[in-house]
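Reading through the structure tokens given below for one structure.
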Amino acid sequence: MTATSVEIIPVTDRIELRSVDERYTSELHALVIKNKTWLQTAFDWAQYVGTQDDTRKNVLSNQMLHQRGYAKMFLIFQDETLKGVLSFNSIEPTNKTGYIGYWLDKGSQGQGILSLSLQAFMGYYAERGEIRRFVIKCRVANMQSNRVAVRNGYTLEGCLKEAEYLNGEFQDVNTYAKIIRL
């Protein structure tokens, strides 16, 4: 993949996943800033987003990780409008395991966009033989994220006590997994 090519995973006729690319920096920055208040309740990184240049540096770093296969970051577009992010925050190639992270614009939640995107994402990587074990880790208190995992056929494998530090305190984290054998 060249530095300027964008990998696309079709989801529906209105939704697609596009690999992270510098050309989307301003759109991504605007979406993060728009959602920053609620993102800070779910993700530690949100508090550190400042300038568009911060976002550009993050995009370039994620682009490199994507190209090298250490992580995969995709932007969720619906009708050509950026709606959120779906990614493998890390990949264990030998174990064919991908650790999934996601967030969606607050105004776009509850429409099935994330579940449809997640299903297409998992199918894409399972069919390529790159990932067979898909893992979602989310705070116990994050009911929406827990519902996404359950709704998409993930099995709760356990709860990690005080495993994530967020907003000044340690939080319990549920670990869900789904294995796709082809």
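Rounding to the nearest 0.5 Å places CD1 of Ile179 at 13.5 Å from NZ of Lys96. With rounding to the nearest 0.5 Å, the separation of CD1 in Ile9 from NZ in Lys72 is 9.0 Å. Taken from CG in Asn152 to CD in Gln119, the straight-line distance is 4.5 Å, to the nearest 0.5 Å. Going from atom CD1 of Ile180 over to atom CG of Leu182 covers 7.0 Å, rounded to the nearest 0.5 Å. How far CG of Leu114 is from CH2 of Trp103: 11.5 Å, rounded to the nearest 0.5 Å. We find the CG-CD1 distance between Leu82 and Ile76 to be 8.5 Å, quoted to the nearest 0.5 Å.
Panel note: side chain Thr55, backbone His29; no donor-acceptor pair is recorded below 3.5 Å. Although no hydrogens or angles enter the test, the distance criterion places a donor-acceptor pair under 3.5 Å between the side chain of Lys36 and the main chain of Val49. Checked by atom type and distance alone, the side chain of Ser115 never pairs as donor or acceptor with a backbone atom of Gly112 at under 3.5 Å. Here the side chain of Thr155 pairs no donor or acceptor atom with the backbone of Glu157 at under 3.5 angstrom. Between the side chain of Ser108 and the main chain of Leu104, no donor-acceptor pair closer than 3.5 Å is present. Without hydrogens or angle criteria, Asn95 side chain to Arg133 main chain gives no donor-acceptor distance under 3.5 Å. A donor-acceptor contact shorter than 3.5 Å is absent between the side chain of Ser145 and the backbone of Asn142. Using modelled atom types, no side-chain atom of Lys137 and backbone atom of Tyr99 make a donor-acceptor pair closer than 3.5 Å. A distance-only check finds a donor-acceptor pair linking the side chain of Asp21 to the backbone of Arg23 [under 3.5 Å].
Residue Ile131 is grouped with residue Ile100 when hydrophobic side chains (ILVMFWY) are merged at heavy-atom distances under 4.5 angstrom, including chains of intermediate members. Transitive grouping of hydrophobic side chains (ILVMFWY, heavy atoms separated by less than 4.5 Å) keeps Trp45 and Tyr102 in distinct clusters. Met122 and Ile136 end up in the same hydrophobic cluster when Ile, Leu, Val, Met, Phe, Trp and Tyr side chains are linked at under 4.5 Å. Hydrophobic clustering keeps Tyr154 apart from Val135 (ILVMFWY residues linked when any side-chain heavy atoms are closer than 4.5 Å, directly or through intermediates). In terms of hydrophobic clustering, with Ile, Leu, Val, Met, Phe, Trp and Tyr side chains grouped at heavy-atom distances under 4.5 Å, Leu65 and Val6 are assigned to different clusters.
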Inset, instruction - Carefully, step by step, assess Tyr24 and Val59 under the rule side-chain contact (heavy atoms from CB on, under 4.5 Å). - result: CA-CA 8 Å; Tyr24 303 124; Val59 164; over 6 Å; no
Inset, instruction - Could you go through the side chain to side chain donor-acceptor pair (under 3.5 Å) check for Gln63 and Glu22 one step at a time? - result: CA-CA 8 Å; Gln63 212 174 330; Glu22 190 175 8; over 6 Å; no
Inset, instruction - Under the side-chain contact (heavy atoms from CB on, under 4.5 Å) rule, what do Thr97 and Ile91 come out as? Steps first, then yes or no, please. - result: CA-CA 6 Å; Thr97 299; Ile91 295 172; over 6 Å; no
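Using a 4.5 Å cut-off on side-chain heavy atoms (C-beta onward), Gln144 and Gln109 make contact. With a 4.5 Å cut-off on side-chain heavy atoms, Thr175 and Leu156 do not count as touching. Inter-residue side-chain proximity for Ile15 and Ser117 is flagged as met; some heavy-atom pair is nearer than 4.5 Å. At a threshold of 4.5 Å between non-hydrogen side-chain atoms, the residues Gln78 and Thr81 do not count as touching. For the pair Arg139/Asp172, no side-chain contact is recorded, criterion being any heavy-atom separation below 4.5 Å from C-beta on. Between Leu28 and Leu75, the closest side-chain pair of non-hydrogen atoms falls below 4.5 Å. Looking at Arg18 and Glu7, their side chains never come closer than 4.5 Å, going by heavy atoms from C-beta outward. Proximity of Leu17 to Phe121: side-chain heavy atoms (C-beta onward) are separated by under 4.5 Å at one or more points.
Around atom OH of Tyr70, no more than 12 heavy atoms belonging to other residues, nucleotides or ligands sit under 6.0 Å away. Around the CZ atom of Arg68, the shell of radius 6.0 Å holds no more than 12 heavy atoms that belong to other residues, nucleotides or ligands.
Counted by atom type alone, Asn58 and Asp54 present zero donor-acceptor pairs between their side chains at under 3.5 Å. Residues Asn89 and Ser87 bring a donor and an acceptor atom of their side chains to less than 3.5 Å of each other. No side-chain donor-acceptor contact under 3.5 Å links Asn167 and Gln40. Looking only at atom types and distance, the side chain of Gln171 has no donor-acceptor partner in the side chain of Glu162 under 3.5 Å away.
In this view, Tyr124 satisfies the ring pair (Phe, Tyr, Trp, His ring centres under 6.0 Å) rule with no residue, not counting sequence neighbours. Every residue meeting the salt bridge (charged side-chain N to carboxylate O under 4.0 Å, His left out) condition with Lys34, not counting sequence neighbours, appears here in chain and number order: Asp105.
Note on residues 156-182: pairs passing ring pair (Phe, Tyr, Trp, His ring centres under 6.0 Å), not counting sequence neighbours, are Tyr165-Phe170.
Aromatic pair Phe134/Tyr125: centroids not less than 6.0 angstrom apart.
Counting all heavy atoms, side chain and backbone alike, Cys159 lies closest to Asn174 at CB-OD1, 3.7 Å. Minimum interatomic distance between Glu164 and Val173 (heavy atoms only, all atoms of both residues): CB-CG2, 3.6 Å.
Relative ring orientation between Phe74 and His66 is described as perpendicular, the plane-to-plane angle rising above 60° on a 0-90° scale split at 30° and 60°.
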